[in-house]
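In this chain, numbering begins with 1 at the start of the sequence shown.
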Amino acid sequence: QTCALPICFPVTIKDAVKVGRAVGSETFAHYVLRDRERILNLFELLTGARFSLNFLRFGGVKADVTEGFIERVLETCELLKVRLKEYNDLITFNQVFLKRTSGVGLVSKSQIAHWGVTGPNARSSGIAFDVRKVFPYIGYEKIDFEVPIQKSQDREPGDAHDRFLVRLLEIEQSLEILKDAYRDWE
């Protein structure tokens with residue numbers, strides 16, 4: 001099957017919860033919400049608010065990091081690495097999930113190029129492009145990270161399942177980027 005529009009899968013915590021519930025994995029939904037709370041607690045420690053849209057400023061941020069923040073971020077990174085394995089075990093090879101996502105919403109490389117799709121959606125179709133590598137900005141040139149790209153030997157990549165897998169890999173790489181940024185900052 002091919003789709004008329006690119007599909008972002010899942011794009012928010014809310015979407016991830018819906019995915020878990022749609023395949024009968026209430027556990028996955030609870031795990032995602034649990035980890036979301038941990039991240040919001042970090043925002044609160046940094047900014048004083050769980051949802052803060054005014055912390056970033058032109059030329060920097062509103063204030064320095066609070067005491068203990070960096071350590072908590074690193075702890076969270078380590079914890080989320082373990083949790084990603086749980087996510088993978090619960091969803092990736094879940095038969096209901098596979099049936100609902102494999103071969104569904106296929107977006108080909110030519111459609112990606114025609115529509116101007118970028119990011120994980122493009123990489124899930126096998127396009128090896130990440131602006132952070134090609135045109136590095138704000139220190140990405142100092143950080144060593146891999147760009148997750150979906151490759152498939154037996155079929156064309158780019159279905160909803162591939163988009164999910166690339167997003168899991170993106171989270172894993174984001175955790176490594178955070179740890180590398182801390183090592184450079186230190």
Side-chain angles (χ1 to χ4, degrees), residues 1-42 75-134 143-180:
Q1 294 178 351
T2 28
C3 68
L5 295 172
I7 297 172
C8 301
F9 186 89
V11 293
T12 65
I13 297 293
K14 183 178 168 185
D15 292 334
V17 170
K18 284 181 186 177
V19 166
R21 289 185 174 145
V23 299
S25 181
E26 194 70 28
T27 304
F28 178 75
H30 287 284
Y31 281 7
V32 168
L33 290 172
R34 169 197 64 192
D35 295 336
R36 174 183 178 260
E37 283 301 308
R38 187 165 185 102
I39 292 167
L40 290 177
N41 289 340
L42 286 173
E75 287 170 16
T76 301
C77 287
E78 290 305 314
L79 180 64
L80 288 177
K81 273 179 80 170
V82 173
R83 300 271 170 84
L84 281 176
K85 181 173 178 355
E86 291 175 359
Y87 292 173
N88 192 44
D89 293 345
L90 280 169
I91 295 290
T92 304
F93 300 106
N94 175 305
Q95 288 304 306
V96 176
F97 184 69
L98 281 168
K99 287 182 184 209
R100 291 184 178 183
T101 59
S102 295
V104 174
L106 184 65
V107 183
S108 68
K109 285 184 179 183
S110 62
Q111 287 171 313
I112 294 287
H114 178 74
W115 291 332
V117 176
T118 61
N121 286 331
R123 292 191 287 279
S124 69
S125 292
I127 295 178
F129 180 82
D130 190 323
V131 72
R132 298 170 299 178
K133 286 281 191 182
V134 179
I143 297 175
D144 183 33
F145 66 98
E146 294 178 28
V147 178
I149 300 160
Q150 188 62 22
K151 297 175 186 162
S152 183
Q153 305 299 331
D154 56 341
R155 61 180 179 75
E156 182 180 5
D159 62 13
H161 194 258
D162 291 333
R163 287 188 286 280
F164 176 79
L165 294 175
V166 166
R167 280 188 166 75
L168 280 182
L169 294 170
E170 290 268 330
I171 294 169
E172 186 178 349
Q173 284 301 309
S174 294
L175 297 173
E176 291 304 315
I177 288 170
L178 279 171
K179 290 192 288 188
D180 279 356

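Partners of S102 under the side-chain contact (heavy atoms from CB on, under 4.5 Å) rule, at least two apart in sequence or in another chain, are L98, D159, H161. Taking V131 as the reference, F129, F135, Y137 meet the side-chain contact (heavy atoms from CB on, under 4.5 Å) condition, with sequence neighbours excluded. Every residue meeting the salt bridge (Lys or Arg N to Asp or Glu O under 4.0 Å) condition with K179, not counting sequence neighbours, appears here in chain and number order: E78, E176.
To the nearest 0.5 Å, atom CD1 of residue I112 and atom OG of residue S124 are 6.0 Å apart. Note that CG of L42 and CD of E37 are 11.5 Å apart. Values are rounded to the nearest 0.5 Å. Going from atom CG of N121 over to atom CH2 of W115 covers 10.5 Å, rounded to the nearest 0.5 Å. Rounding to the nearest 0.5 angstrom, the gap separating the CD atom in Q150 from the CG atom in L165 is 5.5 Å.
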Derivation of the side-chain contact (heavy atoms from CB on, under 4.5 Å) call for E86 and D89: CA-CA 5 Å; E86 291 175 359; D89 293 345; 5.7 Å; no
Audit row: L90, T27, side-chain contact (heavy atoms from CB on, under 4.5 Å) steps and yes/no: CA-CA 8 Å; L90 280 169; T27 304; 4.0 Å; yes
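Between V147 and K133 the shortest heavy-atom distance is CG2-CG, 3.5 Å. Of all non-hydrogen atoms in V104 and R100, the two that sit nearest each other are CG2-O, 3.5 Å. Summarising the geometry of D162 relative to P157, their closest heavy-atom pair is OD2-CA, 3.2 Å, with the distance given to 0.1 Å. Residues L169 and P148 come closest through the heavy atom pair CB-CB, 3.5 Å. Nearest heavy-atom pair, G158 versus S125, reported as atom, atom and distance to 0.1 Å: CA-OG, 3.4 Å. Looking at every heavy atom in both residues, Q111 comes nearest to L106 through OE1-O, 3.7 Å.
Inter-residue side-chain proximity for L168 and T92 is flagged as met; some heavy-atom pair is nearer than 4.5 Å. Side-chain contact check for T76 versus L178: every heavy-atom pair is 4.5 Å or farther apart. In this structure, the side chains of K85 and V82 stay at 4.5 Å or more apart for every pair of heavy atoms. Under the 4.5 Å side-chain criterion, counting only non-hydrogen atoms from C-beta, I171 is in contact with L84. In this structure the side chain of F28 never reaches within 4.5 angstrom of the side chain of N94, judged on heavy atoms. A 4.5 Å side-chain heavy-atom check between D35 and L80 finds at least one atom pair inside the cut-off. Using a 4.5 Å heavy-atom cutoff, the side chains of E75 and R38 are in contact.
R132 places no side-chain N or O within 3.5 Å of a backbone atom of F145 that could act as its donor or acceptor partner.
The local environment of CD in E170 is crowded, with over 12 non-hydrogen atoms from other residues, nucleotides or ligands closer than 6.0 Å.
In this structure, R167 forms no cation-pi arrangement with F164, as its terminal cationic atom is not both closer than 6.0 Å to the ring centre and no more than 45° off the ring axis.
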